[in-house]
Number of protein chains: 2
Amino acid sequence: MQSSTNNNGEILNEFELIARLSKLDSAKILEENNTVLTGIGDDAAVVSTPANQMLLTTDAIVDGVHFRSVDERWFDVGWKCAVSNLSDIAAMGGVPDHALVTLGVPPEASVETYADLYNGMNAAFSEFGGSIVGGDVVSSSTMFVNLALTGHPSSDSFGELRTMRRTEARAGDLVCVTGPLGSSAGGLEALLNGDTNPSSTILIDRHYRPTPQIEIGKKLVASGVRCAMDISDGLVGDLQKIAKLSTVNITVEMANIPLATELIFMFGSSAIELALSGGEDYELAFTAPKPLVDDLVANNIGLTVIGSVTSSESPDGQVDVIDENGEMYEPIRKGWDHLNG
Amino acid sequence: MQSSTNNNGEILNEFELIARLSKLDSAKILEENNTVLTGIGDDAAVVSTPANQMLLTTDAIVDGVHFRSVDERWFDVGWKCAVSNLSDIAAMGGVPDHALVTLGVPPEASVETYADLYNGMNAAFSEFGGSIVGGDVVSSSTMFVNLALTGHPSSDSFGELRTMRRTEARAGDLVCVTGPLGSSAGGLEALLNGDTNPSSTILIDRHYRPTPQIEIGKKLVASGVRCAMDISDGLVGDLQKIAKLSTVNITVEMANIPLATELIFMFGSSAIELALSGGEDYELAFTAPKPLVDDLVANNIGLTVIGSVTSSESPDGQVDVIDENGEMYEPIRKGWDHLNG
């Protein structure tokens, strides 16, 4: 609360920290962004909006829950925090625009920690779109980072702004995913086990440096896909959200779920469990009629069909997983609930 | 992290909490808001933007730093968190639009706590503009609330979109404030002292239920004011930010600073210290040429002239406080630094 009148250089000062972060090389990206009319330093940022519709999302990460400060992988922590927000924009088929960052800073924090973290966020924004235009710095005994990100919808083939919604799955649709699942969760297990072989290293990289599917999201909208979400809490749990909001049943064929070779190598028959319920892969799950999926495949948009929407008028929605023998499979885990770790 | 497969009703579940909060009466405001195309429940909110410029701000509050959970004044905590963001929009002369809320939820939290907190936020948005369209819920050993708020600029008398900036103070401008200062800090002291007399009660109310000056902000823009900020960290510290960013010197005449009668009654000669450096009053400070200030006074816009911009070309900016004898006065406190409580 009240500041010391004689801060020495060792104590992290709110205004010094903001000044330092705004001087990072990566912050120069901002100066070249002509949609930012007033950036960091005023009461609010002023930005121009490219469309008359806007996407808004926010995602926070907390020490001991989403990352471990003892690992000191600050660049990666920043990268992943940015990606978790970028992925929400990708899931709507949108284009990322402007980010606000809130830092919850514990007493023992160093400026270098936050510089690394900012560089990680800025690297992700630089690669996938978006830029940091403002934020807040607050004292907190637990370190946390909150990002709020704006975006704008992309257009379908008729030039109409469209977003992909969780409510738009229809009976007869195929259910698809954009890439292999379970790698991030496998990377986390490898990390906790202290594994250092080449396969583990690849999975750990998937855990620390996920990719938001911004480009694929835009292509899906352009092709007419209307229903998508990102897989952040686990495949089955996330499809359950689509099923409930679209009031449909979904059947997933377990044998069709794409798995990374490294995941199979490291985890054998347990790999499928990681794919069914492991979070933070940030691939997209989407549903669309078969002719549209055929078009996407013909256009080399990377996807795997993993199931179908089997019936409509299911008020609570239901997701069934079928094994290679056609038997119902009950995943051991059910997905991620952020309040019950 | 990983959820329990057999949560009982006592354990707070992320999805249950979101569902409960989205069913609050106050959430109905949202349904009547025709700028919200997709609200809570998808990957991102979709909103329509009323102008081709947008304001973005964020402000977080943390247990033990900005509020004390032991006080259990959850409605007030929510109100104040909303107001701290609304006040940033007011300081730009803007109109609030859409908010994203992140809740950092400790293990012992109850749904009722968050319902009260949401009701407090929604009450402030309902009164001053804006509505909650999405958010995130995360587990955190320290409770925190982050709000990100969008807005749009209002127009000047020529119909041009304008924002008031901290960089626009000019030599010769008068320095004005929109209301009495120090009341919130006085309320906090009264609270910590356990005072319960009527004056204390009024000050404590100013501490818990501040008002963002949205309407005055819009009027200032319409009248041609170009430089403003909100007083959230203390008058001298905040004017220092204007001085630095505008590269000017500012002189404040201490005797002209407006003080609430209750503050003088409770704190006597110490009242001025609370006014100079106490935070969270959320009044606006602005600078403008004298003829413009005369117009504002003629139009009954509540303001008090407290000083002037005395010289330009001052690279670091400087704020001098002059007492009733014309002597330089050195405030005991310097303002609020959120990292050094």
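Lettering of chains follows the sequences in order, A, B, ..., and the numbering in each one begins at 1. Note that the coordinates shown come from a computational prediction; the quantities given were computed from them, not determined experimentally.
A side-chain donor-acceptor contact under 3.5 Å links B/Asp136 to the backbone of A/Ala60. Side-chain atoms of B/Thr57 come within 3.5 Å of backbone N or O of A/Asp43 as a donor-acceptor pair.
Heavy atoms of B/Asp230 lying under 4.5 Å from chain A belong to its backbone as well as its side chain. Heavy atoms of B/Thr163 lying under 4.5 Å from chain A belong exclusively to its side chain. In this structure, the portion of B/Leu245 lying under 4.5 Å from any heavy atom of chain A is its side chain and not its backbone. A/Asp59 touches chain B through backbone and side chain together, each having a heavy atom under 4.5 Å away. Contacts between B/Ala228 and chain A at a heavy-atom distance below 4.5 Å involve the backbone alone (N, CA, C, O). Heavy atoms closer than 4.5 Å to chain A are found in the side chain of B/Thr150, but not in its backbone.
Of the listed residues (A/Met229, A/Gln53, A/Arg166), the one with the most heavy-atom contacts under 4.5 Å to chain B is A/Arg166. The candidate from A/Val62, A/Leu55, A/Thr58, A/Asp63 with the greatest count of non-hydrogen atom pairs under 4.5 Å with chain B is A/Thr58. The most heavy-atom pairs under 4.5 Å with chain B, out of A/Thr142, A/Asn85, A/Val101, A/Ile61, come from A/Thr142. Chain B forms more heavy-atom pairs under 4.5 Å with one residue of A/Ala90, A/Ser141, A/Gly134, A/Gly104 than with any other, namely A/Ser141.
The closest side-chain heavy-atom distance from B/Leu56 to A/Val47 is below 4.5 Å.
For the atom pair CG of B/Leu147 and CG of A/Asn146, the computed distance is 9.5 Å after rounding to the nearest 0.5 Å. Distance OG1/A/Thr102 to CZ/B/Phe144: 9.0 Å, rounded to 0.5 Å.
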